[in-house]
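Next up is a structure, given as structure tokens.
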Amino acid sequence: YIQKNFPEKNMSDKLIKKYEEEYSKYLGRPWKKQKGGGCFTLLYDMGVDLGYHECKEDYSFTARRFMKDLWEGEDWECFYDSDNGTLDVDSLNVFDLLLMDFTGKRVSHGAAYIGDRYMIHHKAYDVSKVEKIDTYIPLIRYVIRKKNV
């Protein structure tokens, strides 16, 4: 058996390792049955720590309030709305927030885009982690970003 070298997979492994090292402080958080799934607490903690936003509060209790306050009161704008077309992943900026609909009813999950088609997030019943964005694209309802970034 001869193992073939697949440059794309090697590059992907290197990127994941890079991002896991860079964001290690936010990875591996256990699921604690928290309302909001932990994802919005993760976004809050990252945003405040890394300085890409200054949230007034932890928005983990309601995604709706999280979006409304960010858009209206904290100088964010809706960069993408799934009602208006297909998401061009190449147009995403680092720390754009990806707001997803896992239920088919409302925004129920959030992630931070960290570059190179990767995001960091914390799904219910799982630990926080870095993952490729690709399988989540159909679930992304909105992308919001800080104005003038």
Checklist entry - Does Lys14 reach the side chain of Lys18, with side-chain heavy atoms less than 4.5 Å apart? => result no
Next on the checklist: The test is side-chain contact (heavy atoms from CB on, under 4.5 Å); show your working for Arg141 and Asp81 and say whether it passes.
Outcome noted: CA-CA 6 Å; Arg141 179 80 173 103; Asp81 180 332; 3.1 Å; yes
Next on the checklist: I'd like to know whether Val143 forms a side-chain contact (heavy atoms from CB on, under 4.5 Å) with Leu97, so could you lay out the CA-CA distance, the side-chain angles of the two residues, the decisive distance to 0.1 Å, and finally the verdict.
Outcome noted: CA-CA 6 Å; Val143 174; Leu97 300 185; over 6 Å; no
Checklist outcome for this item: Between the CG atom in Leu87 and the OH atom in Tyr142, the distance rounded to the nearest 0.5 Å is 14.0 Å
Item to check | Ring centre gap for Tyr136 and His121 strictly below 6.0 Å | outcome: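 When the ring centroids of Tyr136 and His121 are compared, they turn out to be within the sub-6.0 Å range.
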Checklist entry - When rounded to the nearest 0.5 angstrom, what distance separates CE in Met46 from CZ in Phe95? => result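 So the CE of Met46 and the CZ of Phe95 are separated by 5.5 Å.
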Checklist entry - Is there a donor-acceptor pair under 3.5 Å between the side chain of His122 and the backbone N or O of Arg29? => result yes
Checklist entry - So, Arg145 and Asp96, do they make that salt bridge, N to O below 4.0 Å? => result yes
Checklist entry - Would the number of heavy atoms belonging to other residues, nucleotides or ligands and lying under 6.0 Å from NZ of Lys17 be above 12? => result no
Checklist entry - So, the side chain of Tyr113 versus the backbone of Arg117: is there a donor-acceptor pair under 3.5 Å, distance only? => result yes
Item to check | Gap between atom CD1 of Ile114 and atom CD1 of Ile133 - 0.5 Å precision | outcome: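 Those atoms lie 10.5 Å apart.
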Item to check | Beyond-backbone contact of Tyr26 with Leu43, side-chain heavy atoms, under 4.5 angstrom | outcome: no
Checklist entry - Does any non-hydrogen side-chain atom of Leu99 lie less than 4.5 Å from one of Ile144? => result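 Yes, side chains in contact.
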Next on the checklist: Under 4.5 Å between side-chain heavy atoms, counting indirect links through other Ile/Leu/Val/Met/Phe/Trp/Tyr residues: same cluster for Met119 and Val127 or not?
Outcome noted: no
Checklist entry - Do the side chain of Thr41 and the main chain of Gly38 share a donor and acceptor less than 3.5 angstrom apart? => result no
Item to check | Which atom of Cys39 lies closest to which atom of Ser108, heavy atoms considered | outcome: SG-O, 4.5 Å
Checklist entry - How many angstroms lie between CD in Glu131 and CD1 in Ile120, if you round to the nearest 0.5 Å? => result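 Separation between the atoms: 10.5 Å.
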Checklist entry - Between Leu98 and Leu139, is a side-chain contact (heavy atoms from CB on, under 4.5 Å) present by the stated rule, with each step listed? => result CA-CA 9 Å; Leu98 315 171; Leu139 303 173; over 6 Å; no
Item to check | Test log, rule side-chain contact (heavy atoms from CB on, under 4.5 Å), inputs Ser91 and Phe79 | outcome: CA-CA 10 Å; Ser91 66; Phe79 170 75; 3.4 Å; yes
Item to check | From Lys129 atom NZ to Ile16 atom CD1, the distance as rounded to the nearest 0.5 Å | outcome: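 CD1 of Ile16 is found 10.5 Å from NZ of Lys129.
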Item to check | Carboxylate-amine/guanidinium contact Asp45 Lys25, below 4.0 Å | outcome: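 Looking at Asp45 and Lys25, the cut-off is not met.
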Checklist entry - Stepwise, does the side chain to side chain donor-acceptor pair (under 3.5 Å) test hold for Tyr19 with Asp116? => result CA-CA 10 Å; Tyr19 288 128; Asp116 300 304; 2.5 Å; yes
Checklist entry - Do the numbers put Lys132 on top of the ring of Tyr118, so that NZ or CZ is under 6.0 Å from the six-membered ring centre and no more than 45° off the axis? => result yes
Checklist entry - Do we see a donor-acceptor contact under 3.5 Å between the side chains of Asp88 and Tyr80? => result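 Result is no, nothing qualifies.
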Checklist entry - When rounded to the nearest 0.5 angstrom, what distance separates OG1 in Thr86 from CD1 in Ile140? => result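 If we round to the nearest 0.5 Å, Thr86:OG1 and Ile140:CD1 are 11.5 Å apart.
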